[in-house]
Amino acid sequence: MERTLVILKPGTIQRRLIGEIINRFEKKGLILAGMKMIWLSDKILSEHYAHLREKPFFQRVKNSMNVCPVIVCCWEGLDAVSVVRTITGATNGRLAPPGTIRGDYSMSIQENIIHASDSLETASVELKRFFNDDELFNYETILKLSLYANNELDS
Ligand code: ADP
């Protein structure tokens, strides 16, 4: 099973969409391995968005991420990284297809509701950035037998 990071951005908190967004991941069949509310510092945001540091919007994006606390979540499942990215949709909410989270809830390239890790390697680095080991949980859920075929659970 893979694990991936999702951040419910300040826009989600401000617009009271927390429940709706979490509901999407739960209904899909992803399993919540960890979740907490945190107020992100400029330092951690500089690390998280290091790939954007040469972009003119770098500081603006970081500022938008600390207007209020965010909610960081770890979702688990088979191919969780790509499944979550597909549900998330394209960066620009105006271009993201309907049915995706950004397609349904965002009109902006910057204010695009959630962050989702873009690869397995990134997910591993990002989960370590936002969670301590004892904040991520392994637990059995009987639901797994309805979510996956036996052979998928063995893989
Ligand atoms: P994604 O979040 O889809 O993986 P990126 O890693 O390229 O996209 O960008 C990180 C975040 O920076 C985006 O989610 C968005 O909030 C913001 N961003 C990206 N491109 C732009 C842009 N051209 N103008 C303003 N904000 C942007």
Side-chain angles (χ1 to χ4, degrees), residues 1-133 135-138 147-148 155:
M1 295 275 165
E2 289 180 6
R3 283 180 165 182
T4 192
L5 176 81
V6 169
I7 304 177
L8 309 190
K9 295 184 175 187
T12 301
I13 315 306
Q14 297 290 339
R15 291 171 57 194
R16 311 292 194 262
L17 290 173
I18 299 165
E20 286 200 42
I21 303 301
I22 289 171
N23 199 236
R24 296 246 179 158
F25 293 116
E26 282 195 310
K27 278 187 180 165
K28 175 67 177 167
L30 290 146
I31 291 161
L32 190 63
M35 179 160 72
K36 64 181 177 182
M37 185 175 245
I38 45 174
W39 204 316
L40 300 174
S41 65
D42 191 72
K43 182 169 175 289
I44 199 166
L45 285 166
S46 295
E47 226 179 82
H48 183 64
Y49 286 131
H51 61 293
L52 302 177
R53 79 182 149 258
E54 306 301 332
K55 303 282 187 193
F57 52 84
F58 179 53
Q59 191 60 47
R60 182 158 45 82
V61 169
K62 290 194 296 169
N63 292 346
S64 82
M65 288 293 286
N66 74 5
V67 295
C68 71
V70 300
I71 293 174
V72 289
C73 329
C74 173
W75 292 101
E76 184 178 288
L78 272 187
D79 301 324
V81 175
S82 62
V83 167
V84 167
R85 283 290 284 193
T86 302
I87 294 173
T88 299
T91 306
N92 186 341
R94 295 191 298 278
L95 301 179
T100 65
I101 288 171
R102 288 168 171 171
D104 287 352
Y105 297 104
S106 166
M107 281 291 286
S108 166
I109 187 163
Q110 176 181 292
E111 298 303 316
N112 57 7
I113 300 292
I114 62 170
H115 164 83
S117 304
D118 64 6
S119 71
L120 197 50
E121 296 70 37
T122 312
S124 160
V125 171
E126 291 183 342
L127 286 169
K128 284 194 183 68
R129 177 174 299 138
F130 294 103
F131 286 99
N132 299 320
D133 287 347
E135 292 173 325
L136 295 179
F137 301 92
N138 288 304
L147 291 173
Y148 296 106
S155 64

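Quick caveat: nothing in here was measured; it's all calculated off a predicted structure. Just so you know, ligand 1 is whichever comes first in the structure, and atom 1 is the first atom listed for that ligand.
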Quiz prompt | Residue pair L136, E76: steps toward the side-chain contact (heavy atoms from CB on, under 4.5 Å) verdict | solution = CA-CA 10 Å; L136 295 179; E76 184 178 288; over 6 Å; no
Quiz item: With a 4.5 Å limit on heavy-atom distance, are the side chains of E111 and S106 in contact?
Solution: no
Practice problem: Report yes or no: does R102 have a heavy atom closer than 4.0 Å to ligand 1? | Solution: yes
Quiz item: Less than 4.5 Å apart, any side-chain heavy atom of H48 and any of I7?
Solution: yes
Practice problem: Around atom 15 (C) of ligand 1, find the nearest protein heavy atom and jot down its residue, atom name and distance. | Solution: I109 O, 3.3 Å
Quiz item: K9: heavy atom below 4.0 Å from ligand 1, yes or no?
Solution: yes
Quiz prompt | Test side-chain contact (heavy atoms from CB on, under 4.5 Å) applied to E26 and L32, step by step | solution = CA-CA 8 Å; E26 282 195 310; L32 190 63; 5.7 Å; no
Exercise. Please write down residue, atom name and distance for the protein heavy atom closest to atom 17 (C) of ligand 1.
Key: V61 CG2, 3.7 Å
Quiz item: For atom 16 (O) of ligand 1, what is the nearest protein heavy atom, given as residue, atom name and distance?
Solution: Q110 O, 2.8 Å
Exercise. Using a strict 4.0 Å cut-off to heavy atoms of L52, name the atoms of ligand 1 that fall inside it.
Key: 9 (O), 10 (C), 12 (O)
Quiz item: N112 heavy atoms, cut-off 4.0 Å: which ligand 1 atoms fall inside?
Solution: 13 (C), 14 (O), 15 (C), 16 (O)
Quiz item: Name the one of V84, L78, V81 that satisfies side-chain contact (heavy atoms from CB on, under 4.5 Å) with E2?
Solution: V81
Practice problem: For ligand 1, indicate whether the residue R85 contacts it via side chain, backbone, both or neither (heavy-atom separation under 4.0 Å). | Solution: side chain
Practice problem: Check each atom of ligand 1 against the heavy atoms of T91 and keep those under 4.0 Å away; list them by number with element. | Solution: 1 (P), 3 (O), 8 (O), 13 (C), 19 (C)
Quiz item: Got more than 12 heavy atoms from elsewhere within 6.0 Å of NZ, K55?
Solution: no
Quiz item: For atom 24 (N) of ligand 1, which of Y49, F58, F57 has the closest heavy atom?
Solution: F57
Practice problem: Compute the minimum heavy-atom distance from H51 to ligand 1 and say whether it is under 4.0 Å. | Solution: yes
Exercise. Please tell me if the side chains of L8 and I114 come closer than 4.5 Å, counting only heavy atoms from C-beta onward.
Key: yes
Self-check item: Pairwise side-chain contact, V70 with I38, heavy-atom cut-off 4.5 Å (strictly under)
Solution: yes
